[in-house]
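Only one structure is covered here, and it is reproduced in the block below.
Positions are given from 1, in the same order as the sequence printed here.
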Amino acid sequence: MYNERKNTMQTSYQEDEIEIDLQDLFGLLLHKAWIIILAAIVAGAIGFAVSFFLITPQYESTTSIYISTSKGNENSMTYSDAQLASQLTKDYEELILGRTVLEKVIAQYQLDESYESLKKRVSVENTSNTRIISITVKDPNPANAQIIANSIRDVAAVHIKDVTAVNVADEANLPEKPCEPSIPKWTVIAALIGVILSAGIIIMQYLLDDTIKSSEDIEKYLELSTLGLIPNFDTV
């Protein structure tokens, strides 16, 4: 019976202690809010500077082709031809990104890069339930992005023409704005990192600080009553 009461009292004391600690911690964060805000501003400024000054802007240009299996008049295409074209779009995507196509583009424009390097800058996507394949190229130069995209489209069309009929759906656009880096995104992410790091440091300092600061701490942690307090007079 005594042990049960003792355990109950200890449990109650621990719950009260946790509640007081959380209140103290919240108050500490409010008291140190200026540090957290300052860290967010500094980190955000760093993220802005890195994305604006250090990262090379990339432009995207997109062109597209329309896939059909009819080598003659488009009006003569049957339902089975349309089904076959839809099923083969994945194959065409691989052909477009293949070494044959991209190395011809590299040789045609004498690009100073390898097949693997160019492939990383090219993405091919098939819109759901369509026979349109989009080819997107990233490049620091918007004009080069447009030229390379159109070149890949034309070379790929010739490469797979023996299998199906490939027609141009859209010309590659000349990008006006860089697609990356996203300066607002970098700034916000850096600011959030600054908030998290500064708040984490403050919390860790609070959790690791076991010094006695007030008479309440003496009663709370040492379970002793204070008989008197010596006032702290600031000297000029």
For the pair [X] (side chain) and [Y] (backbone), establish whether a donor and an acceptor sit closer than 3.5 Å, ignoring hydrogens and angles.
X: R121; Y: V137; value: no
X: S51; Y: G47; value: yes
X: S198; Y: V195; value: yes

* Asked: In the hydrophobic cluster built from side-chain contacts under 4.5 Å, what are the other members alongside F53?
  -> F48, F52, I183

* Using a side-chain heavy atom cutoff under 4.5 Å and only I, L, V, M, F, W and Y, what cluster partners does L174 have? ->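 When side chains under 4.5 Å apart are linked, L174 ends up in no cluster with other residues.
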
Any chance you could measure [X], atom [atom1], to [Y], atom [atom2], to the nearest 0.5 Å?
X: R153; Y: I96; atom1: CZ; atom2: CD1; result: 11.0 Å
X: I41; Y: T187; atom1: CD1; atom2: OG1; result: 12.5 Å
X: N141; Y: I147; atom1: CG; atom2: CD1; result: 8.0 Å
X: I203; Y: Q205; atom1: CD1; atom2: CD; result: 11.0 Å
X: D154; Y: T63; atom1: CG; atom2: OG1; result: 7.5 Å
X: I196; Y: I36; atom1: CD1; atom2: CD1; result: 11.0 Å

Which pair of heavy atoms, one from [X] and one from [Y], lies closest together, and at what distance?
X: S61; Y: P175; answer: CB-CD, 4.0 Å
X: P178; Y: P57; answer: CB-CB, 3.6 Å
X: G194; Y: A43; answer: CA-CB, 3.8 Å

* Asked: Within a strict 4.5 Å, meaning less than it, do heavy atoms of the Y115 and L102 side chains meet?
  -> yes

* Asked: Do I132 and I65 come close enough that some side-chain heavy atom pair is under 4.5 Å?
  ->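 Side-chain contact under 4.5 Å: no.
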
* Asked: Can I148 and V105 be said to form a side chain to side chain contact (heavy atoms under 4.5 Å, CB included), step by step?
  -> CA-CA 7 Å; I148 294 173; V105 173; 4.3 Å; yes

* To do: Not counting sequence neighbours, which residues clear side chain to side chain donor-acceptor pair (under 3.5 Å) with E125? List them please.
  => none

* **side chain to side chain donor-acceptor pair (under 3.5 Å) against S151, all qualifying residues, sequence neighbours excluded** => Q108

* Is L54 reachable from I193 through a run of hydrophobic residues whose side-chain heavy atoms are each under 4.5 Å from the next? -> no

* Stepwise, does the side chain to side chain contact (heavy atoms under 4.5 Å, CB included) test hold for V122 with T136? -> CA-CA 6 Å; V122 180; T136 302; over 6 Å; no

* Structure fact -> So side chain to side chain donor-acceptor pair (under 3.5 Å) across residues 93-102, not counting sequence neighbours, yields R99-E103, R99-E116

* Quick one: list whatever passes side-chain contact (heavy atoms from CB on, under 4.5 Å) with P140, sequence neighbours left out. => T56, Q58

* Please assess W186 against I55 for the test side chain to side chain contact (heavy atoms under 4.5 Å, CB included), listing each intermediate value before the final yes or no. => CA-CA 11 Å; W186 274 72; I55 299 179; 3.3 Å; yes

